[in-house]
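Input: a single structure, listed below in C-alpha cells.
Residue numbers start from 1 in every chain, and the chains themselves are labelled A, B, ... in the order their sequence lines are given, proteins ahead of strands.
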2 protein chains.
Amino acid sequence: MAKAGTGSPNEAVGTYAGEQLEEVAVADVLREMRFDGRGLIPAIVQQQGTGEVLMMAWMNEEALRRTLATGTTWFWSRSRSEYWNKGATSGNMQQVRRVLVDCDADVLLVEVDSPGPACHTGHRSCFFRQLEGGLPAPQAQT
Amino acid sequence: MAKAGTGSPNEAVGTYAGEQLEEVAVADVLREMRFDGRGLIPAIVQQQGTGEVLMMAWMNEEALRRTLATGTTWFWSRSRSEYWNKGATSGNMQQVRRVLVDCDADVLLVEVDSPGPACHTGHRSCFFRQLEGGLPAPQAQT
C-alpha cells in the first residue's frame, strides 16, 4: 500500500486491486476505445477508498473530455439526449480522482470522491436493491 | 454494520454502501428490467469484501437465470454469440454472493468471491490501466 513520494503535484500512478497500474495516454486510449453504435461507453463510478460502486452511466468521447477537463463527472443522457454534469443541479458533484480503462477498452471505471448521495432517489448508491432467492448455497471449498 | 442473526441458512439481507438493502423478487425485477435492443444488460462484477471492481460483462435474461441457478457467473459473449460461464476454462470461477440491481433496473452489480484473476490477461482486475494527465488539481474543499 506504500506509495512512492515523487514530490509531483500530479498523483503518482498507484495500484488497483492490489496491482500496479499501467499509465496510458488519453489520446492513445481514445483511438483504441470501442464505443457502441451510439458512440457510448459504460462508465462505472466508484467511491475511492471505500470501493462503493455508486452508479453506472454512459459517456461519449465529449463527455470523457469534459470529465477529464473539469475533474467532475459528465455523462450523456440517453433519455434526454443531452450532456449531464452529475450533481450540477443537486449539488452532489463527484470529484474525479482517477479514470481507469479496461483490458479491451470498452468500459471505464471512474474513481471519485462523492461526499453526497449518488442516486437520484437520494440513496448513497444506485444499487440499493438485492435480488432475493434463487442462489444456491455456496459450494464447499476443496 | 451490525447484522441481525436470523439463524437462517440463507444470508440475511445486508447493507451496501452503508445502507440497508431492499429485497426484490427475481420475477418482479425481470418484468421491470430494461434490456437493450440486443436483450442485454451490463453486469458489474465486484469482489465482496474488498470492493475491487473486477470486470464488466453482459447478461441477457437467460444468463441471469443461469447465474442465479448455479451461483457462478454466466454472461452473453457479444463477439462469439454464445453463453460464457466465467472461469469454466481457466478454472477461475466466480462464486456469486449477491446480485443487486440499480434504481432504474438497467444495470446489475454482481458481488462474487473470485479467488483468482478475473481478466483474460491474467490481471486480477480488467481495470489495470489508468488514463494519464488531463485531470485538473482537486478543487479546494470549502
*So which part of A/Val101 gets closer than 4.5 Å to some heavy atom of chain B, the side chain, the backbone, both or neither?*
both
*asked:* Counting only non-hydrogen atoms closer than 4.5 Å, does A/Phe128 touch chain B with its backbone (N, CA, C, O), its side chain (CB onward), both, or neither?
replied: both
*When heavy-atom pairs shorter than 4.5 Å are enumerated against chain A, which of B/Cys103, B/Ser125, B/Ala25, B/Gly51 gives the highest number?*
B/Cys103
*Are A/Leu131 and B/Leu68 close enough that some pair of their side-chain heavy atoms sits under 4.5 Å apart?*
yes
*Give a yes/no verdict on a cation-pi contact between A/Arg38 and A/Trp58, requiring under 6.0 Å between NZ or CZ and the six-membered ring centre and an angle within 45° of the axis.*
yes
*Could you look at A/His123 and say if it's the side chain, the backbone, both or neither that has a heavy atom under 4.5 Å from chain B?*
both
*Side chain, backbone, both or neither: which part of A/Ala105 has a non-hydrogen atom closer than 4.5 Å to chain B?*
both
*If we only count heavy atoms from C-beta on, is the A/Leu40 to A/Phe35 side-chain gap below 4.5 Å?*
no
_Donor + acceptor pair across side chains of A/Gln94, A/Asp113 (<3.5 Å)_ = no
_Looking only at heavy atoms and a cut-off of under 4.5 Å, which of B/Ile44, B/Thr50, B/Thr121 has the most pairs with chain A?_
B/Ile44
*Do we see a donor-acceptor contact under 3.5 Å between the side chains of B/Thr73 and B/Asn85?*
no
_chain A contact via B/Val24 - side chain, backbone, both or neither, heavy atoms under 4.5 Å_ = both
*Which answer fits A/Asp28, side chain, backbone, both or neither, if we ask what part of it has an atom under 4.5 Å from a heavy atom of chain B?*
neither
*Should B/Tyr16 and B/Glu111 count as side-chain neighbours, where that means a heavy-atom distance under 4.5 Å?*
yes
